[in-house]
Amino acid sequence: MNGLGIVAAESSADSFKFFASRPVRIGEYVVVETPEGGALGLVERSLITSYSIATANTYIEAAEAGKASSSNPRDKGYKASARVLGLVEKLKVGVAYMPSVPPVPGTVVSEASSELLSSIYSRTERNFVPLGSLLRNQEVTVSVDINKVASRHLAILATTGSGKSNLLALIAKRVSKVRGTMVIFDYHGEYSELKIGTTSHVQPKINPRELEAEELAELLDISSSASRQRSLLASVLTNEVRRAGDFWEALNGALNGIMNDVEKSVEDVRNAQRLIEIIERARRRKGRIIDPDIGDPLDQVRPNYINIIDMAELTETQASIIISYYLSGLLEDRKQAQRQRMSGGEGRVRFSSPVIVAIEEAHAFLPADNHEKHDATSAASKVAREGRKFGLSLIIVSQRPSKVNQDILSQMGSLAVMRLTQPKDQSYILESSELMSEDLASYLPSMNVGEAMLLGQWVDLPSIVKVEKVEEKLTGADIDAVKQWSESQSRSGIAREDTSEFIKGI
Ligand SMILES: Nc1ncnc2c1ncn2[C@@H]1O[C@H](COP(=O)(O)OP(=O)(O)O)[C@@H](O)[C@H]1O
Ligand SMILES: [Mg+2]
């Protein structure tokens, strides 16, 4: 171990500041002696100060001070603060045990060795899977406890383009390797090309017989302002129609009945006519999704597979209905499975082992302002609260954490936070989760693509990691517009000379 610094005048058992002999990088690990033995610290903040430049008031003074400073080693101060993660000897055996006495000011601070960090982060038990390496020490592989993801939920939060979907694809790849069951709601068709072994691509289906009238109205694309059409639909969606052998025929029959009823107002007749057209159009466009003759849509979700639910063709509200429908169904099934496991009992269970459900764009489907349209929020809150007992867990993915429902976010036992630039999002995560510290939050805007802070139960100890890139995930990268324009231009036969003449003329 190398001498790196000296503990500053005031320290506490959970954090300390130290003067360093060189600039220290956030995410580095250090070891410091305490009266109870060596303790491991994670650098969460780093400062460089120059005493001569601090007194400069003008550009010339600053330039002179800068020159003087470069030849005077006493002028520059490197200072860092570290969070204490636990006693080294305990960490080596997998226990995070905090010292009760702070390191004494003046004690030497050393760099943590790769061997020590590997013994802590590169766990190889069956339930641990590798996700990448420590950002400041790439020799050290970081593994996470996938059992904790399957029971205590996970949130992946970062600005667009920082690597959230890549991380989710990596987790899916690891889960696939242990033949786990995952359901990914793919709103952007991003995972349509994912090739990681046990993937199953699912066309979502929903049975209109089981929907509330308002939900069916959404699926049929009846405008939300067309309240008369909506109430007319509610009035014809009787139990008799729901149970009819041919659902669509029965629904049409009921509407035709209104059209031919001389007692009805002109407006009702017109709306019934309009509804018939709307239903016809929706069946043409969405017949594959709204299907009264499917048994249970959950039958399409395969246990021990990574199920990608393709929602690219759906509007946000329709996707929200699908999410709510599948989540409620999965929770019921897992409850039933658990009951049978405890007390025997009868009945068909689809998923006899835990299921992980991933929801991308969580700010859209599980929004903070609990709009009544968003049934997915209530279904997901239920899973967030109860899922742990039944082996049903959530992975919430969002680029706008401050817009995600806080009740749900606060239930997430683990976090992967990547680059985040909005102060509002940073403070919201601080509020919602005790896992994040202010110092770490202030570093979030400086992170690069593919770098993630892993916090919470899946890692035990916080770490800043370079996440492995998943080559099997082909889509989701930024569109290369220039390349595509150039290809379409040569396809359409525009002569290259023309363009070059044009460019010359600029
Ligand atoms: N760990 C990583 N290493 C290298 N490149 C990455 C990594 N994660 C993501 N990328 C690249 O960054 C881009 C955006 O990644 P993506 O996962 O789609 O971000 P997000 O889902 O946050 O918008 C992609 O082109 C992807 O290839
Ligand atoms: Mg994404």
Side-chain angles (χ1 to χ4, degrees), residues 27 121 129-144 154-176 182-196 199 306 308-312 314 316 319 323 356-366 394-404 409 412 414-422 425-426 428-429 444-455 458-459 463-484:
Y121 285 107
V129 299
L131 289 190
S133 54
L134 285 179
L135 183 62
R136 305 294 178 222
N137 196 333
Q138 305 216 348
E139 291 168 21
V140 180
T141 301
V142 176
S143 303
V144 298
L154 163 71
I156 303 178
L157 309 170
T159 309
T160 303
S162 309
K164 297 181 299 296
S165 300
N166 178 76
L167 176 56
L168 182 59
L170 181 60
I171 294 171
K173 185 172 159 180
R174 300 292 185 242
V175 170
S176 160
M182 239 174 120
V183 175
I184 299 178
F185 290 105
D186 184 15
Y187 186 55
H188 292 302
E190 260 193 281
Y191 301 88
S192 56
E193 300 290 328
L194 188 69
K195 295 200 175 59
I196 49 168
T199 30
I306 309 299
I308 316 276
I309 316 272
D310 175 15
M311 304 200 295
L314 303 181
E316 216 172 278
I323 293 175
I356 301 174
V357 179
I359 305 177
E360 283 253 15
E361 307 290 327
H363 50 278
F365 300 121
L366 319 173
L394 293 174
I395 299 182
I396 298 294
V397 185
S398 176
Q399 67 257 31
R400 291 311 314 271
S402 62
K403 297 212 155 88
V404 178
L409 205 55
M412 301 292 117
S414 303
L415 287 183
V417 193
M418 310 174 93
R419 182 181 155 80
L420 258 184
T421 46
Q422 299 271 345
D425 290 326
Q426 293 152 22
Y428 192 75
I429 298 178
L444 289 170
S446 327
M447 294 177 78
N448 296 303
V449 173
E451 298 175 3
M453 285 179 196
L454 307 186
L455 307 166
W458 64 336
V459 280
S463 56
I464 303 181
V465 170
K466 174 85 182 84
V467 175
E468 191 181 310
K469 190 170 180 202
V470 180
E471 302 297 342
E472 294 91 333
K473 183 177 174 298
L474 302 173
T475 49
D478 285 344
I479 289 171
D480 187 346
V482 173
K483 181 163 169 256
Q484 293 184 15

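FYI, the numbering just counts along the sequence from 1. Keep in mind that the numbers below use all heavy atoms, side chains included, and drop hydrogens, waters and symmetry copies. Remember, it's 1-based here, ligands and their atoms both numbered in the order they're listed. Values in this document were obtained by computation on a predicted structure and should not be read as measured data.
- With ring centers used as reference points, Tyr187 lies under 6.0 Å from Phe365.
- Counting only distance, with no hydrogens or angles, the side chain of Arg419 and the backbone of Pro445 share a donor-acceptor pair below 3.5 Å.
- Listed by atom number, the atoms of ligand 1 under 4.0 Å from Gly163 heavy atoms are 8 (N), 9 (C), 15 (O), 16 (P), 17 (O), 19 (O), 20 (P), 22 (O).
- With respect to the salt-bridge test (charged N to carboxylate O, under 4.0 angstrom), the residues Glu361 and Lys164 do not qualify.
- When each atom of ligand 1 is checked for a heavy atom of Val449 under 4.0 Å away, the hits are 6 (C), 9 (C), 10 (N), 11 (C), 12 (O).
- Every atom of ligand 1 with a heavy atom of Thr160 under 4.0 Å away is listed here by number and element: 23 (O).
- In Lys466, the part holding a heavy atom less than 4.0 Å from any atom of ligand 1 is the side chain.
- Counted by atom type alone, Thr159 and Gln399 present zero donor-acceptor pairs between their side chains at under 3.5 Å.
- Looking at Gly161 next to ligand 1, an N or O pair under 3.5 Å apart turns up.
- Paired with Gln138 under the rule side-chain contact (heavy atoms from CB on, under 4.5 Å), one option of Leu135, Thr141, Val140 passes, and it is Leu135.
- With 3.5 Å as the limit, one finds no donor-acceptor pair spanning the side chains of Ser402 and Gln422.
- Using a 4.5 Å heavy-atom cutoff, the side chains of His188 and Met311 are not in contact.
- No side-chain heavy atom of Val357 sits less than 4.5 Å from a side-chain heavy atom of Ile395.
- Put simply, the side chain of Glu451 does not reach to within 4.5 Å of the side chain of Val465, judged on heavy atoms.
- The number of protein N, O or S atoms lying under 2.8 Å from the Mg ion (ligand 2) is 1.
- Ligand 1 has at least one atom lying under 4.0 Å from a heavy atom of Ser162.
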